[in-house]
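Here the structure is laid out as structure tokens; the discussion comes afterwards.
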Amino acid sequence: MGIEDRWQVDIAYRAERNCIHFAEGTGALPLPLANPLLAENYKKLCQNILETSPKHNGIVKSVYQLLMESRGAFPNAQQAARALNASERSLHRKLAEANSSYRQILDNVRLRRARELLDNTNLPMSEISDRLGFAEMASFSRFFRRVGGLAPSNYRKNGLRIFAASNDDGSLQ
């Protein structure tokens with residue numbers, strides 16, 4: 001069965017403009033192949049990105065991007081200032097003017113990375129702690145509880161786990 005038969009319309013290929021008209025109210029109908037669990041997981045994923053993304057422009061965004069792009073150990077404030085062609089004092093002053101601090105931005109980046117690793121890998125907590133630059137796993141746990149609101153093990157247990165829980169066709173198990 002061709003598309004024309006299925007949709008009961010004539011299709012003109014190589015037309016200057018294509019337009020499909022749907023009956024009024026069609027957009028409110030449930031999608032037959034939609035998966036509510038997947039939709040909820042994507043909603044949580046988007047909330048995670050919005051919560052940990054910079055809400056400012058300028059210096060805050062620059063520091064955030066610098067930290068997000070760093071591999072290995074995160075740079076300290078002095079190294080970040082040098083990378084942004086500023087003095088450390090100037091960096092702290094500009095961040096304070098934007099109602100932010102180096103520590104707040106670093107915490108947001110660490111939380112975002114922690115959530116990504118907890119959601120998308122089976123790495124042990126100690127490995128995640130090391131990757132995020134914590135001296136001890138207990139420090140990582142305290143940090144995650146303080147900034148993320150719950151223990152990392154509880155987050156992982158109740159987290160998104162989209163990819164680990166999905167079949168090849170994208171549906172959840």
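Predicted model, so just to flag it, every value in this text is computed and none were measured.
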[X] and [Y]: which non-hydrogen atoms are nearest, and at how many Å?
X: R113; Y: L67; value: NH2-O, 3.4 Å
X: V60; Y: A98; value: CG2-CB, 3.6 Å
X: R156; Y: I128; value: NH2-CD1, 3.5 Å
X: F74; Y: L132; value: CE1-O, 3.6 Å
X: F144; Y: A151; value: CD2-C, 3.9 Å
X: G148; Y: L111; value: CA-CD1, 3.9 Å

Interatomic distance, [X] atom [atom1] to [Y] atom [atom2] [nearest 0.5 angstrom]:
X: R145; Y: N154; atom1: CZ; atom2: CG; answer: 8.5 Å
X: R93; Y: S90; atom1: CZ; atom2: OG; answer: 4.5 Å
X: R103; Y: I105; atom1: CZ; atom2: CD1; answer: 12.0 Å
X: Y64; Y: L106; atom1: OH; atom2: CG; answer: 11.5 Å
X: R131; Y: T121; atom1: CZ; atom2: OG1; answer: 7.0 Å
X: L91; Y: S62; atom1: CG; atom2: OG; answer: 9.5 Å

Within the side chain of [X], is there an N or O that forms a donor-acceptor pair under 3.5 Å with the backbone of [Y]?
X: S129; Y: E136; result: yes
X: E40; Y: L37; result: no
X: S141; Y: A138; result: no
X: Q104; Y: S101; result: yes

- Stepwise side-chain contact (heavy atoms from CB on, under 4.5 Å) test for D107 and R146: CA-CA 10 Å; D107 284 352; R146 178 177 55 84; 3.5 Å; yes
- side chain to side chain contact (heavy atoms under 4.5 Å, CB included), paired with P152, selected from K157, M137, M125: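 The option that passes is M125.
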- Message: More than 12 heavy atoms of other residues, nucleotides or ligands under 6.0 Å from CZ of R89: yes or no?
- Response: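 No, not enclosed.
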- Could you give me the CA-CA distance, side-chain angles and deciding distance for Q79 and N76, then say whether side-chain contact (heavy atoms from CB on, under 4.5 Å) is met? CA-CA 5 Å; Q79 294 165 331; N76 60 30; 3.2 Å; yes
- Task: For residues 111-137, pull every pair meeting ring-ring contact (aromatic ring centres under 6.0 Å, His included), keeping only residues two or more places apart or in separate chains.
- Result: F134-F140, F134-F143
- Task: Classify the side-chain pair Y155/D119 by whether it contains a donor and acceptor separated by less than 3.5 Å.
- Result: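 Side-chain D/A pair, Y155 to D119: present.
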